[in-house]
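Following: one structure in structure tokens, then a few remarks.
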Amino acid sequence: MTNILCIGAGYVGGSTMPIIASHCPDHRVVIVDINENRIAAWQSDQLPIYEPGLDEIVRQTRGKNLFFSTEVDRHIAEADIIFVSVNTPTKMFGRGAGKAADLQYWEKTARQILENSTSSKIVVEKSTLPVRTAEAMERILNSNGNGLHFDVLSNPEFLAEGTAVRDMQNPDRVLIGGRETESGRKAVEALVELYATWVPRDRIITTNLWSSELSKLAANAFLAQRISSINAISALCEKTEADISEVAHAIARDERIGRYFLRASVGFGGSCFKKDILHLAYLCEHYGLPEVARYWEQVVTMNEYQEARFVSNMVASMFNTIAGKRVALFGAAFKANTNDTRESPALEVCRALLDERADVVMTDPHALENARYDLGELADRVTFEFDPYIAANHAHAIAVLTEWSQYTQLDYERIYNSMVKPAFLFDGRNLLDHKKLYDIGFNVYPIGKPPLTHLRTYNNS
Ligand code: NAD
Ligand code: UGA
């Protein structure tokens, strides 16, 4: 039996480790966190994250070979393999503020591992980290004077929220980076063996440490870049009567381009894309590559432009004022099938609408609690309403900001009848049937497509 420990019971630790436990019943998996409430939630029936399929796996493994605990020190001492999946947010102070990775949580963990270890261990970086972080981790860990040896591996996580279980059960690839020493190779092999329990070996890639660390940042940068690229084209579509769905379909047929990540939207959100691109740009700057840094930063600039453009379009379409007007935001989560609202475009739109003094009502099937928390003091100025019909009642406008499939099933005739006229619908996800909504009476504003509006008729009459 191997004792596996994961430090950090967040979205990554909490959704990956139960799957390891389910595939490796002979191993003992413990997930620890300093956040007592979070651990209590993992031990309850109401898990702290909403992730389709996860409840069932946690139910099957918890108390058998999967355990949650706040006793970090004790479990470090017992562990053979330690995954570190603590948060690595953007640093908001001092050198590199607003760009560099804040490694304080990660470094505290390294020191805690060192203080509490009485045997040699494999330490696995699961968090997304700047390239060459493993070197610092090795230096801290191997600075002990008691003959212990720590092998540091990089095993970045590529799962996406909302499909975490599927991604982890059936990954495109598992990436493991390690040192090319005898001990490093053995450590890599031990981790390969663990994953090979359920992942076909040809999908397990091994590289040197730095390639592994950099591949994670590069993968996120490439994915985000595609969204910013299609969003850039969506702005041009709106000026030219081209249709972004038709353009995306046409370019995706080129196999070299491919069909994924070409959905134009109000912008990408989530805790990682923006932070990882800014970290990447900061690293480029650090290594004397300012042109490369500017190149990647533009992906984030484009995203901010897309969010701002969405709100400007709303205000301009609603006769240049939305002060005092009730606006219903359909969706708070940064994407469907998660309760995560970190960097959600819905919150960005909400803040901008509040600046315009709109009366904002937010609805979401799973993410209202996190939205309230993330909005901080502004939350007092927002109404949170679980029922989308009540949210839309007496509203001047609806903005669809998360692509929840539930929103395609609503009775929009009923919604239209309950709204102030003229009724506006801004579809930030191109989710709904725009022609049908237009026929009901809505003035419909998609992303990257000509608006469908009845207003010209009113003006001429
Ligand atoms: P998170 O904020 O949800 O979870 C991190 C957890 O670590 C928190 O619960 C925090 O309390 C805990 N923690 C911090 N310091 C600790 C310490 N010293 N001891 C014990 N626990 C500690 O973050 P997340 O979304 O799970 O992301 C974690 C890492 O994984 C980040 O580097 C992120 O970039 C990366 N990542 C995230 C995703 C994702 O979908 N969220 C996907 C791939 C990679
Ligand atoms: C992303 C990556 O897809 C994962 O591989 C990676 O592990 C993870 O970041 C991470 O490092 O945190 P995630 O942010 O959970 O996963 O979700 P995505 O599906 O990538 O969506 C990110 C954002 O882009 C969402 O707001 C989504 O709505 C938006 N998006 C996505 C678009 O606007 N258009 C698209 O075509 C695709």
Side-chain angles (χ1 to χ4, degrees), residues 5-17 31-39 41-42 48-49 51 69-73 75-76 83-90 101-113 125-130 133 155-164 167-168 171-173 216-217 219-224 226-231 234 248 252 259-277 279 303 306-307 331 333-338 340-346 370 401-403 428-431 447:
L5 174 66
C6 175
I7 304 182
Y11 279 85
V12 169
S15 51
T16 54
M17 294 300 135
I31 312 178
V32 290
D33 204 293
I34 42 175
N35 183 333
E36 290 179 8
N37 292 337
R38 209 165 230 198
I39 290 297
W42 281 113
I49 65 173
E51 193 59 56
S69 169
T70 51
E71 291 180 74
V72 182
D73 295 352
H75 290 293
I76 287 175
F83 288 88
V84 182
S85 72
V86 300
N87 34 330
T88 52
T90 305
D102 182 350
L103 296 177
Q104 59 171 310
Y105 306 101
W106 168 87
E107 187 174 332
K108 268 183 206 143
T109 313
R111 291 184 188 282
Q112 219 170 347
I113 294 175
E125 295 176 344
K126 196 90 183 124
S127 302
T128 303
L129 292 160
T133 302
N155 170 222
E157 185 48 61
F158 294 104
L159 66 78
E161 291 179 27
T163 53
D167 296 345
M168 185 69 188
D172 289 341
R173 80 307 209 179
K216 172 64 197 177
L217 289 181
N220 273 2
F222 271 61
L223 289 170
R226 281 177 70 93
I227 305 170
S228 278
S229 297
I230 201 72
N231 282 345
S234 79
R259 66 195 165 96
Y260 295 108
F261 269 64
L262 287 180
R263 274 182 289 113
S265 68
V266 55
F268 61 73
S271 61
C272 293
F273 278 175
K274 181 177 171 185
K275 118 178 138 54
D276 290 349
I277 291 172
H279 294 179
N303 198 52
Q306 187 76 347
E307 288 172 346
F334 80 95
K335 64 184 284 195
N337 297 319
T338 176
D340 195 347
T341 54
R342 292 178 291 179
E343 299 291 338
S344 175
N370 282 338
L401 300 174
T402 310
E403 70 279 25
R429 297 289 181 172
N430 285 345
L431 177 72
I447 298 276

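All ligand and atom numbering here is 1-based and tracks the order in the structure. Here the structure is a predicted model, which means the values were calculated and not measured. For the numbers below, each heavy atom of this structure counts, side chains included, while hydrogens, waters and symmetry mates do not.
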Compute both the distance and the angle, then confirm whether Arg173 meets the cation-pi test with Phe158: under 6.0 Å from the six-membered ring centre, within 45 degrees of the axis.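 Yes.
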
Between Leu159, Thr16, Asp340, which is the residue that forms a side-chain contact (heavy atoms from CB on, under 4.5 Å) with Tyr11?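 Exactly one pass, corresponding to Asp340.
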
Does Phe83 have any ring pair (Phe, Tyr, Trp, His ring centres under 6.0 Å) partners at least two apart in sequence or in another chain, and if so, which?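 With sequence neighbours excluded, Phe83 shows a ring pair (Phe, Tyr, Trp, His ring centres under 6.0 Å) to no residue whatsoever.
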
Quick one: side chain to side chain contact (heavy atoms under 4.5 Å, CB included) partners of Glu107, sequence neighbours excluded?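 Only Arg111, Ile140 meet the side chain to side chain contact (heavy atoms under 4.5 Å, CB included) criterion with Glu107.
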
Determine whether a donor-acceptor pair (N or O, by modelled atom type, separation under 3.5 Å) exists between the side chain of [X] and the backbone of [Y].
X	Y	answer
Asn370	Thr341	no
Ser85	Gly8	yes
Ser127	Val86	yes

Just to be sure I understand the cut-off, which residues have at least one non-hydrogen atom under 4.0 angstrom from an atom of ligand 1?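 Near ligand 1, by chain and number: Ile7, Gly8, Gly10, Tyr11, Val12, Asp33, Ile34, Asn35, Arg38, Ser85, Val86, Asn87, Thr88, Tyr105, Thr109, Gln112, Ser127, Thr128, Glu157, Leu159, Glu161, Lys216, Ser271, Cys272, Lys275, Arg342.
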
Could you list each N/O atom of ligand 2 together with any protein N/O atom closer than 3.5 Å, one pair per line with the distance?
from: ligand 2; atom 1: 5 (O); to: Phe158; atom 2: O; distance (Å): 2.7
from: ligand 2; atom 1: 7 (O); to: Glu157; atom 2: O; distance (Å): 3.4
from: ligand 2; atom 1: 7 (O); to: Phe158; atom 2: O; distance (Å): 3.2
from: ligand 2; atom 1: 7 (O); to: Leu159; atom 2: O; distance (Å): 2.7
from: ligand 2; atom 1: 7 (O); to: Lys216; atom 2: NZ; distance (Å): 2.9
from: ligand 2; atom 1: 11 (O); to: Lys216; atom 2: NZ; distance (Å): 2.7
from: ligand 2; atom 1: 11 (O); to: Asn220; atom 2: ND2; distance (Å): 2.8
from: ligand 2; atom 1: 15 (O); to: Glu161; atom 2: N; distance (Å): 2.8
from: ligand 2; atom 1: 17 (O); to: Lys335; atom 2: NZ; distance (Å): 3.2
from: ligand 2; atom 1: 19 (O); to: Lys335; atom 2: NZ; distance (Å): 2.8
from: ligand 2; atom 1: 26 (O); to: Gly269; atom 2: N; distance (Å): 2.9
from: ligand 2; atom 1: 26 (O); to: Phe334; atom 2: O; distance (Å): 2.7
from: ligand 2; atom 1: 28 (O); to: Arg429; atom 2: NH1; distance (Å): 2.6
from: ligand 2; atom 1: 33 (O); to: Ser265; atom 2: OG; distance (Å): 2.6
from: ligand 2; atom 1: 34 (N); to: Arg263; atom 2: O; distance (Å): 2.9
from: ligand 2; atom 1: 36 (O); to: Leu262; atom 2: N; distance (Å): 3.4
from: ligand 2; atom 1: 36 (O); to: Arg263; atom 2: N; distance (Å): 2.9

Indicate yes or no: does Lys216 engage Glu125 in a salt bridge with an N to O separation below 4.0 Å.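 No.
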
Tyr105 and Thr109: which non-hydrogen atoms are nearest, and at how many Å?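 Looks like O-OG1, 2.6 Å.
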
